[in-house]
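Below: the structure, in structure tokens.
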Protein chains: 2
Amino acid sequence: MAKLDLFRFVPFRLNRLAVEVSSALSVEYQERYGLDIPEWRILATLGFRVEPCSAQYIAHCTRTHKSTISRAVTALMKRQLVERVENADDRREFALRMTRKGKALYEELIPRLLRREQEILCCLSAQERRDFAALLGKIENSLDLVQTAKDAGVKDGY
Amino acid sequence: MAKLDLFRFVPFRLNRLAVEVSSALSVEYQERYGLDIPEWRILATLGFRVEPCSAQYIAHCTRTHKSTISRAVTALMKRQLVERVENADDRREFALRMTRKGKALYEELIPRLLRREQEILCCLSAQERRDFAALLGKIENSLDLVQTAKDAGVKDGY
DNA sequence: TTAAGATAGTCGCATCTGCAACGATCTAAA
DNA sequence: TTTAGATCGTTGCAGATGCGACTATCTTAA
């Protein structure tokens, strides 16, 4: 008889691990700063890139649905953490960027999240962390989840 | 200035990977058999264990909320894939087990899912898969996500 | 025995998020 | 230029799910 041990089944393990890790991190961005995951992803994308970028771009490269990003942008603008400027070249889209207030929050939040990540990975040696990152990279690659430079020009959908 | 590269940030990568892998698998259990994730988890748990078990037990060891399990059990019973028997010792809980029809579906589904898992991991060598599993195990362990024998007696909450 | 507290499972509620339709705008081809 | 099709962002809707309250039941201690 065919059997499957859920606890050795990689898809299940990834799911459970992701949920657990997310909930460990949400203590920081959710409870402390009132951000949800999509909102945090927007700030993370804007903070990492030098140039402002469109909602569509964020949706694509974080693999988050554009409607979810749209709602999160609205919320962030209400809190004046993010602002958008019209794009003269293409008036359908807006360039998003963090406000001074948004940047200040980002500056506070990042070290906290990096510390949490280290706590989660503290059970691994430095070499093991590199190995783990490399293995994740291979799987991402094979699933076409990598972020490439040309992705900046990617279109609708996700 | 503090920066964080979302694409090197393990929590984000895990989340994105889990979503992607789940959606690759859902082709099998969702589209083909009309099961959602909680329903699949119930069948997987019942199929792997020899003894029937309670909804609470499934909720705990799959880390799924008990209300979610409750609804999924209702749905599975409606489809006659699962049945429950009263527990004379404790009339609050029910013992769950697959029906013949449920077992047949399970038997069909398992090889398909295992094949999908292999497809996802095909970018890794046999050794790399072992390494990846071991690293996942370390992290799970440190986050207390491991399934232990005594978990069978675990109580409410999840 | 009785009473207080814990636990199993159910359900209403609120929230989150994907889907799809929509208006506005851009692009490309006739 | 005109028109068909694509794309950006928004929004209504529906489905999924966590939370908390609830009932029924069990356990433990007075």
Side-chain angles (χ1 to χ4, degrees), chain A residues 15-16 18-20 22-23 26 29-31 34-42 52-78 82-96 151-158, chain B residues 15-16 18-20 22-23 26 29-31 34-42 52-78 82-96 151-158:
Chain A
N15 224 305
R16 200 178 47 157
V19 168
E20 196 70 13
S22 282
S23 104
S26 76
Y29 53 71
Q30 191 124 47
E31 289 182 22
L35 299 171
D36 60 20
I37 292 183
E39 287 164 10
W40 147 243
R41 286 183 177 176
I42 291 169
C53 55
S54 71
Q56 196 57 236
Y57 173 78
I58 298 174
H60 175 261
C61 71
T62 65
R63 298 295 195 283
T64 307
H65 199 276
K66 63 177 182 171
S67 60
T68 302
I69 295 295
S70 171
R71 291 177 185 115
V73 166
T74 302
L76 290 174
M77 289 201 302
K78 266 197 191 111
V82 154
E83 60 190 1
R84 57 184 198 184
V85 287
E86 289 210 9
N87 182 344
D89 291 342
D90 187 340
R91 280 157 54 216
R92 288 173 306 180
E93 73 178 27
F94 303 91
L96 296 168
D151 272 357
V154 116
K155 300 308 178 189
D156 206 350
Y158 84 120
Chain B
N15 224 304
R16 201 179 46 158
V19 168
E20 196 70 13
S22 283
S23 105
S26 77
Y29 54 71
Q30 192 124 48
E31 288 181 22
L35 298 171
D36 60 20
I37 292 183
E39 287 164 10
W40 147 242
R41 286 184 176 175
I42 290 168
C53 54
S54 70
Q56 196 57 237
Y57 173 80
I58 298 174
H60 174 262
C61 72
T62 64
R63 297 294 195 280
T64 307
H65 198 276
K66 62 176 181 171
S67 60
T68 303
I69 295 296
S70 172
R71 291 178 183 114
V73 167
T74 302
L76 290 173
M77 288 199 304
K78 267 199 191 108
V82 154
E83 61 190 359
R84 59 184 196 183
V85 288
E86 289 209 9
N87 181 344
D89 291 341
D90 185 340
R91 280 157 53 218
R92 289 172 305 180
E93 73 177 28
F94 303 90
L96 296 167
D151 271 359
V154 116
K155 301 308 177 187
D156 206 349
Y158 85 119

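Just so we're on the same page: letters track the sequence lines, and every chain starts at 1.
A donor-acceptor pair under 3.5 Å is formed between the side chain of R63(A) and the backbone N or O of H60(A).
Atoms CD1 (I69(B)) and C1' (dC19(D)) sit 16 Å apart, rounded to a whole Å. Between E86(B) atom CD and dA24(D) atom P there is a gap of 15 Å when expressed in whole angstrom units. Counting to the nearest Å, the C1' atom of dG18(C) and the CZ atom of R63(A) are 16 Å from each other. Atom CG in L96(A) sits roughly 9 Å away from atom P in dT10(D) (whole-Å rounding). Protein atom CD of Q30(B) is 14 Å distant from nucleotide atom C1' of dC19(C), rounded to whole Å. Distance, E20(B) CD to dG18(C) P: 12 Å, rounded to whole Å. Whole-Å rounding puts the F94(A) CZ to dT10(D) C1' distance at 10 Å. Taking atom CG of D36(A) as the reference point, atom C1' of dT17(D) lies 16 Å away to the nearest angstrom.
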Quiz prompt | Contact pattern, 5' to 3', of nucleotides 20-27 of chain C - B, S or - by protein heavy atom under 4.0 Å | solution = ----BBS-
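S22(A) is listed as a side-chain neighbour of I37(A), based on a closest heavy-atom distance under 4.5 Å.
Distances shown here put a side-chain N or O of Q56(A) below 4.0 Å from the OP1 or OP2 atom of dG9(D). Under 4.0 angstrom from either OP1 or OP2 of dG18(D) there lies at least one side-chain N or O belonging to T68(B). Within the structure, every side-chain polar atom (N or O) of S54(B) is placed at least 4.0 Å from both OP1 and OP2 of dA8(C).
Of all heavy-atom pairs between P52(B) and L96(B), the closest is CB-O, 3.0 Å.
Below the 3.5 angstrom threshold, one finds a donor paired with an acceptor across the side chain of R71(A) and the base of dG12(D).
Inter-axis angle, ends of the helix from dT1(C)-dA30(D) to dA30(C)-dT1(D), five pairs per end, rounded to 10 degrees: 10°.
Of the candidates dT10(D), dG9(C), dG9(D), dG9(D) carries the atom nearest the E93(A) side chain, counting heavy atoms from C-beta on. Candidate nucleotides dT10(D), dT11(D), dG18(D) were compared by shortest atom distance to the side chain of R84(A), and dT10(D) ranks first.
Residue-level contact check: T74(B) touches neither bases nor backbone, having no heavy atom under 4.0 Å from any strand.
For D36(A), there are no salt bridge (charged side-chain N to carboxylate O under 4.0 Å, His left out) partners two or more places apart in sequence or in a different chain. Listed by chain and residue number, nothing satisfies the salt bridge (charged side-chain N to carboxylate O under 4.0 Å, His left out) test with E93(A) (two or more places apart in sequence, or in another chain). Residues meeting the salt bridge (charged side-chain N to carboxylate O under 4.0 Å, His left out) test with R84(B), sequence neighbours left out: none.
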Name each donor-acceptor pair under 3.5 Å that joins a side chain in residues 68-76 of chain A to protein atoms two or more places apart or in another chain, with its distance.
from: T74(A); atom 1: OG1; to: S70(A); atom 2: O; distance (Å): 3.0

